[in-house]
Amino acid sequence: MFNFRIQEQSVIASLEGTRRINSMISEMVKKEIIDFIEKSGKQVVLDLNGVSFVDSQGLSALKAIAELARVNEQLFSLANLSDDVIELVDLVGMKDSFSIGKN
């Protein structure tokens with residue numbers, strides 16, 4: 001489900017085969033990304049290109065990842081968010097919880 005592309009100082013993680021981060025996959029997303037953050041020591045960018053929906057459990061998983069990265073003094077950012085996902089993140093007041101890269 002994940003594709004990890006390793007670059008010099010960062011890792012680009014992208015989801016394949018889904019357009020949603022919801023209760024069905026949020027724990028898996030959290031576990032995979034956290035494992036990679038802990039093992040790699042690199043900045044992790046989650047490329048959400050093609051993801052059009054994130055539910056409350058998905059947002060909670062992303063926030064937990066961001067908090068763990070911050071505690072470990074590592075960078076975690078989101079990239080290529082759809083307008084709907086950006087609107088949702090802003091609506092629930094979580095915009096400051098994430099580092100959001102350019103699309």
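Source: prediction; values computed, not measured.
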With sequence neighbours left out, write down each residue that passes salt bridge (charged side-chain N to carboxylate O under 4.0 Å, His left out) with E27, or none if nothing qualifies. K30
Quick check: is L68 connected to L62 through a chain of hydrophobic side chains (ILVMFWY, heavy atoms under 4.5 Å apart)? yes
Go through the structure and list residues passing side chain to side chain contact (heavy atoms under 4.5 Å, CB included) with S77, not counting sequence neighbours. Q43, V45, S99
Can you list every ring pair (Phe, Tyr, Trp, His ring centres under 6.0 Å) pair that touches residues 42-78, not counting sequence neighbours? none
K31: which residues meet the salt bridge (charged side-chain N to carboxylate O under 4.0 Å, His left out) condition with it, sequence neighbours left out? D35
What distance separates N80 CG from I86 CD1, expressed to the nearest 0.5 Å? 9.5 Å
Distance col, row E32:CD vs I37:CD1, nearest 0.5 angstrom, shows 12.0 Å
Partner residues of Q7 under the side chain to side chain contact (heavy atoms under 4.5 Å, CB included) criterion, sequence neighbours left out: S10, I12
For L15 and V51, the nearest pair of non-hydrogen atoms, with its separation, is CD1-CG2, 4.0 Å
If you draw a 6.0 Å radius around CE in M28, do more than 12 non-hydrogen atoms from other residues or ligands fall strictly inside? yes
Pairwise salt bridge (charged side-chain N to carboxylate O under 4.0 Å, His left out) hits with a residue in residues 5-21, at least two apart: none
CG (L46) and CD1 (I33) are apart, to the nearest 0.5 Å, by 5.0 Å
Looking at every heavy atom in both A66 and S97, which two are closest together, and how far apart are they? CB-O, 3.6 Å
Report the C-alpha distance between T18 and I25 in whole Å, list the side-chain angles of each, state the deciding distance to 0.1 Å, and finish with yes or no for side chain to side chain contact (heavy atoms under 4.5 Å, CB included). CA-CA 9 Å; T18 185; I25 69 164; 4.0 Å; yes
Which pairs pass side-chain hydrogen bond (donor to acceptor under 3.5 Å, both in side chains) with one or both residues in residues 48-74, sequence neighbours excluded? none
Quick check on E87: does its CD atom have over 12 non-hydrogen neighbours (other residues, nucleotides or ligands) under 6.0 Å away? no
With the side chain counted from C-beta on, respond yes when V54 and N22 share a heavy-atom pair under 4.5 Å apart, and no when they do not. no
I21 CD1 to S26 OG distance, which is reported to the nearest 0.5 Å: 9.0 Å
Value for CG (L48) from CG (L81), rounded to nearest 0.5 Å, stands at 5.0 Å
To the nearest 0.5 angstrom, please state how far the CG atom of D83 sits from the CG atom of L88. 12.5 Å
Same cluster for L75 and L78 if Ile/Leu/Val/Met/Phe/Trp/Tyr side chains link at under 4.5 Å? no
Partners of F4 by ring pair (Phe, Tyr, Trp, His ring centres under 6.0 Å), sequence neighbours excluded? F2, F36
